[in-house]
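Below you'll find the structure, written out as structure tokens, and then a few comments.
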Amino acid sequence: MSIDYLALANTGVETLHPYQPGKPVEELERELGISHSVKLASNENPMGLSPKAKAAIERALPELARYPDANGFALKTALASKLGVDTQQLILGNGSNELIDLVFHTFVGAKQQVVFSQYTFIVYAMATQAHGAQAVVVPAKDLGHDLDAMAAAITEQTKLVCITNPNNPTGTFLSKAALAAFLTKVPSHVLVILDEAYTEYVSEEERHPSIEWLAQYPNLIVSRTFSKAYGLAGLRVGYMVADPELIGVLNRVREPFNCNSLALAAAEAALGDEAYLSEAVALNRREMARYEAFFESQNLRYVPSRGNFITLDLQGDAMPVYEALLREGVIVRPIAGYGLPHCLRISIGLEHENQRCLEALTKVLA
């Protein structure tokens, strides 16, 4: 007996495609029979674990037979102190991706509208479709968010607006003034997720006071992660900051024990390792400048980025270049799935990894 499982699935799942992550190094080396490849595809921190995070993991190992703290008291306390918020304004997740989906699961119903930009984090489109909602995709402006058009797209049926800043995959950045002006236009019945996965890479001068905005805009949800600048992508831990009552509603739906013990311990330690974070940000800025200088010297188009990646616009089909780079042992990210088939997104790595990428690009583009 055969079963049509797609017919049994919820509306929207039938035409949904799985998320495509960056190609693993092990897979490439197995396929091509090569070694010493470099992966610059998934916007990870190339420095590896913070020494303090590694030590915290080792201390937590003996207790792995026990369930983690379901409320993440220690990490929430550390975050609350750093951000100047109450612990009841915080919710922890298995990466910020889980929390974004939790917002959809809790607040977005079938046929309701979700507004987001063209060329932004693909999970918004996936979550909208999976929950049977209607995606209102606003055309991009200079490969980034057109906030005026997004505000104009809000209707009585709109339940949620999603904004990524800096944007992924293009790296574009919205100013404090632009975001503040946008928030004043959003009706109180519409929730706004401000996804700041890359905020640590933004300079202090440019970074906007999103946590302070929460007092003025109770419909705002600020989403952040430990997967990028804090170097904990493999442990999957993120958090959201919002009105305590909104967080209380999310906690009604949140899975119990959704953050594991090692993630909680490592995140708390990484949060306190200011030296590690400063070094990671400085490395990113130095190496970003190398890519920009190379692209300019080769008359290649790129998108100026505030994240830990840079998007190269090849002005033609990018897949042949991507595949040629793979043969050189360099993994970058094609972003045709985001509607940008002419672009490659390159994560900023260590100095020798970036040098390897630039040499491979020189060879391939020749």
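Only a predicted model underlies this, so the values are computations on that prediction, with no experimental measurement involved.
With ring centers used as reference points, F116 lies 6.0 Å or more from F121.
Counted by atom type alone, Q113 and T155 present one or more donor-acceptor pairs between their side chains at under 3.5 Å. Side-chain contact annotation: T164 with Y124, donor-acceptor N/O pair under 3.5 Å present. No side-chain N or O of N167 forms a donor-acceptor pair with one of Y119 less than 3.5 Å apart. Under 3.5 Å, the side chains of Q112 and H131 contain no donor-acceptor pair of N or O atoms. Side-chain contact check for E351 and Q355: no donor-acceptor pair (N or O, by modelled atom type) lies under 3.5 Å.
The minimum heavy-atom distance between A360 and V330, with the atom names listed, is CB-CG2, 3.9 Å. A pairwise comparison of heavy atoms in P218 and L246 identifies O-CD1, 4.1 Å as the closest pair. Nearest heavy-atom pair across I193 and S223 is CG2-CB, 4.3 Å.
With S347 contributing its side chain and E44 its backbone, the two residues share no donor-acceptor pair below 3.5 Å. Remark: side-chain polar atoms of Q118 are not paired, donor with acceptor, to backbone N or O of P139 under 3.5 angstrom. The main-chain N or O of A41 is found under 3.5 Å from a side-chain atom of R345 such that the two form a donor-acceptor pair. For the pair T170 (side chain) and L143 (backbone), a donor-acceptor distance under 3.5 Å is present. Using a distance-only test at 3.5 Å, with no hydrogens or angles considered, a donor-acceptor pair links the side chain of N258 to the main chain of L92. Between the side chain of K159 and the backbone N or O of F107 there is at least one donor-acceptor pair closer than 3.5 Å. Not one N or O on the side chain of N308 forms a donor-acceptor pair closer than 3.5 Å with the backbone of I348.
Partners of D317 under the side-chain hydrogen bond (donor to acceptor under 3.5 Å, both in side chains) rule, at least two apart in sequence or in another chain, do not exist in this structure. With sequence neighbours excluded, the residues forming a side-chain hydrogen bond (donor to acceptor under 3.5 Å, both in side chains) with D313 are H342, listed by chain and number.
The number of heavy-atom neighbours closer than 6.0 Å to CD of E206, taken from other residues, nucleotides and ligands shown, is above 12. For CD of E255, the number of neighbouring non-hydrogen atoms (other residues, nucleotides, ligands) closer than 6.0 Å is 12 at most. Summarising the local packing, CZ of R301 is surrounded by 12 or fewer heavy atoms from other residues, nucleotides or ligands at distances under 6.0 Å. Atom CD of E245 sits in a sparse spot, with 12 or fewer heavy atoms from other residues, nucleotides or ligands closer than 6.0 Å.
The list of side-chain hydrogen bond (donor to acceptor under 3.5 Å, both in side chains) pairs with a residue in residues 83-96, not counting sequence neighbours, is empty. Residues in residues 166-188 take part in these salt bridge (charged side-chain N to carboxylate O under 4.0 Å, His left out) pairs, two or more places apart or across chains: D148-K185. For residues 319-330, every residue pair satisfying the side-chain hydrogen bond (donor to acceptor under 3.5 Å, both in side chains) rule, not counting sequence neighbours, is listed here: E328-K363.
Comment: R207 engages E204 in a salt bridge, judged by a side-chain N to carboxylate O separation of less than 4.0 angstrom. By the 4.0 Å N-to-carboxylate-O rule, R290 lies close enough to E287 to be salt-bridged with it. A salt bridge is absent between E27 and K39: the closest approach of a Lys/Arg side-chain nitrogen to an acidic carboxylate oxygen does not fall below 4.0 angstrom. The pair R236-E98 fails the salt-bridge criterion, with no side-chain N (NZ, NE, NH1 or NH2) lying under 4.0 Å from an Asp/Glu carboxylate O.
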Criterion ring-ring contact (aromatic ring centres under 6.0 Å, His included) on Y239 and F226, from CA distance to verdict: CA-CA 8 Å; Y239 63 95; F226 285 90; 5.7 Å; yes
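F309 and Y198 have perpendicular rings, their planes meeting at more than 60° on a 0 to 90° scale where under 30° would count as parallel. By the 30° and 60° cut-offs, the orientation of the rings of F295 relative to Y302 is tilted.
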Show the atom names and distances, to 0.1 Å, of all donor-acceptor pairs under 3.5 Å that link a side chain in residues 71-81 to residues at least two apart or in another chain.
| unit_1 | atom_1 | unit_2 | atom_2 | d |
| --- | --- | --- | --- | --- |
| K76 | NZ | N71 | O | 3.4 |
| T77 | OG1 | F73 | O | 2.7 |

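Put simply, the side chain of V103 does not reach to within 4.5 Å of the side chain of L99, judged on heavy atoms.
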